[in-house]
2 protein chains.
Amino acid sequence: MKRTSMEGVMCPVARSLDVIGDWWSLLIVRDAQSGLRRFGEFQKSLGVAKNILAQRLRHLVEHGILETQPASDGSAWQEYVLTEKGRSLFPILVALGQWGQQHCFEAGEPRTRVLDKAHGQPVKPLEVRAADGRVLTVQDVRLERPPPQG
Amino acid sequence: MKRTSMEGVMCPVARSLDVIGDWWSLLIVRDAQSGLRRFGEFQKSLGVAKNILAQRLRHLVEHGILETQPASDGSAWQEYVLTEKGRSLFPILVALGQWGQQHCFEAGEPRTRVLDKAHGQPVKPLEVRAADGRVLTVQDVRLERPPPQG
DNA sequence: CATAACTGGTTGCATAACGAAACCAGGGCC
DNA sequence: GGCCCTGGTTTCGTTATGCAACCAGTTATG
């Protein structure tokens with residue numbers, strides 16, 4: 001069988017999903033962005049089975065999204081911290097969060113929010129913009145496929 | 001067993017992933033955004049097994065991301081078209097695409113790009129902004145968790 | 001109008017991924 | 001040294017995935 005891989009495909013979305021497209025990876029990254037570092041912290045926060053967590057952490061390290069380093073508290077354990085590549089997933093998480101907030105909650109239902117540290121205000125909804133600054137919707141864009149590499 | 005569900009969880013990211021977090025769903029939405037409508041079109045574009053595709057389409061319809069409608073060409077078949085909820089996934093796809101483009105390709109490797117229809121220019125990199133317009137990184141935000149609903 | 005071919009699926013089966021729980025090794029603590 | 005905690009690995013049963021075969025309704029063809 002084999003779960004289909006998108007490694008050779010030219011669509012960047014597919015390539016991304018190849019790396020972070022499984023269920024837990026993005027949630028791990030999300031927790032890492034909010035400061036978690038230790039195996040046990042992730043396990044407690046996510047409630048995921050330990051074998052799955054170990055597997056995902058290894059996967060994320062292999063793909064350069066997390067890296068291991070000696071624990072900051074002087075103990076002999078190691079910590080998982082985000083690389084630059086991992087930190088740059090931030091807009092994806094914000095986009096997912098904003099969409100989920102709008103479409104996956106009932107009106108009064110309590111939810112976690114992302115706030116600007118400086119003023120405690122929610123962040124602005126993400127906008128896709130053209131080079132000249134115009135806000136774009138899906139109708140305003142087109143895909144450019146590279147020529148078949150003969 | 002049961003693949004863990006995040007339905008009761010307060011994190012919007014988790015809720016989103018509950019709906020669109022599996023491997024194929026976002027790719028289907030991506031193709032739908034670029035204009036595909038018919039079962040056969042999706043199948044050809046994605047190369048996915050037909051049973052999986054049928055299952056995913058049903059899932060996306062159930063969650064209100066796609067809806068079925070009679071074919072626009074007058075034939076008796078039906079088409080799958082995006083709802084407003086589905087169209088609003090656009091920033092997520094752009095975010096995934098931009099990240100994948102930066103981090104999952106070799107330097108000269110050809111890739112599909114999203115261009116502004118009006119001028120043929122690539123869209124701007126997404127930016128997370130505060131209410132007052134400042135660009136925010138992950139260090140500039142914090143999470144507000146709602147009080148435990150006692 | 002009969003029939004061939006296409007679209008849009010469903011069913012069955014083999015295999016890989018997932019999940020829970022048990023197990024285990026090394027570290028830290030007394 | 002004995003005991004518990006952290007951070008995993010192993011084992012095993014269940015679920016999801018992928019392929020291929022099959023099938024009904026629709027459209028094209030003669």
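Lettering follows sequence order; numbering is per chain, from 1. Predicted model only: the values in this text are computed from it and were never measured.
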Sequence neighbours excluded, the answer for salt bridge (charged side-chain N to carboxylate O under 4.0 Å, His left out) partners of Glu106(A) is none
Dump the pairs, protein N or O against N or O of nucleotides 25-29 of chain C, anything under 3.5 Å, distances to one decimal.
unit_1, atom_1, unit_2, atom_2, d
dG28(C), OP1, Ala76(A), N, 2.8

Quick note, salt bridge (Lys or Arg N to Asp or Glu O under 4.0 Å) partners involving residues 28-48 of chain B, not counting sequence neighbours, are Arg37(B)-Glu79(B), Arg38(B)-Asp73(B)
With a 3.5 Å cut-off and sequence neighbours excluded, list the donor-acceptor pairs that the side chains of residues 90-98 of chain B form with protein atoms.
unit_1, atom_1, unit_2, atom_2, d
Gln98(B), OE1, Leu126(B), N, 2.9
Gln98(B), NE2, Lys124(B), O, 2.9

Salt bridge (Lys or Arg N to Asp or Glu O under 4.0 Å) pairs touching residues 4-13 of chain A, sequence neighbours excluded, are none
Between CD of Gln55(B) and P of dC19(D) the distance, given in whole Å, is 14 Å
Sorted by chain and residue number, the salt bridge (charged side-chain N to carboxylate O under 4.0 Å, His left out) partners of Asp22(A) (sequence neighbours excluded) come out as Arg56(A)
Note: contacts of residues 42-51 of chain B with DNA chain D (heavy atom, under 4.0 Å) are Ala49(B), Asn51(B)
**Study point:** Within one Ile-Leu-Val-Met-Phe-Trp-Tyr cluster: Leu57(B) and Trp23(B), side-chain cutoff 4.5 Å
**Key:** yes
Sequence neighbours excluded, the answer for salt bridge (charged side-chain N to carboxylate O under 4.0 Å, His left out) partners of Glu109(B) is Arg15(A)
Sequence neighbours excluded, the answer for side chain to side chain contact (heavy atoms under 4.5 Å, CB included) partners of Asn51(A) is Ala49(A)
note: Ile52(B), atom CD1; dA16(C), atom P; distance rounded to Å ~ 15 Å
The complete set of side chain to side chain donor-acceptor pair (under 3.5 Å) pairs with one or both residues in residues 128-143 of chain A, sequence neighbours excluded, reads Glu127(A)-Arg129(A), Asp132(A)-Arg134(A), Arg134(A)-Asp116(B), Arg134(A)-His119(B), Thr137(A)-Gln139(A), Thr137(A)-Asp140(A)
In short, the helix from dC1(C)-dG30(D) to dC30(C)-dG1(D) is bent end to end, axes from five pairs each side, to 10°, by 20°
Sorted by chain and number, sequence neighbours left out, side chain to side chain contact (heavy atoms under 4.5 Å, CB included) with Gln78(B) holds for Thr68(B), Tyr80(B)
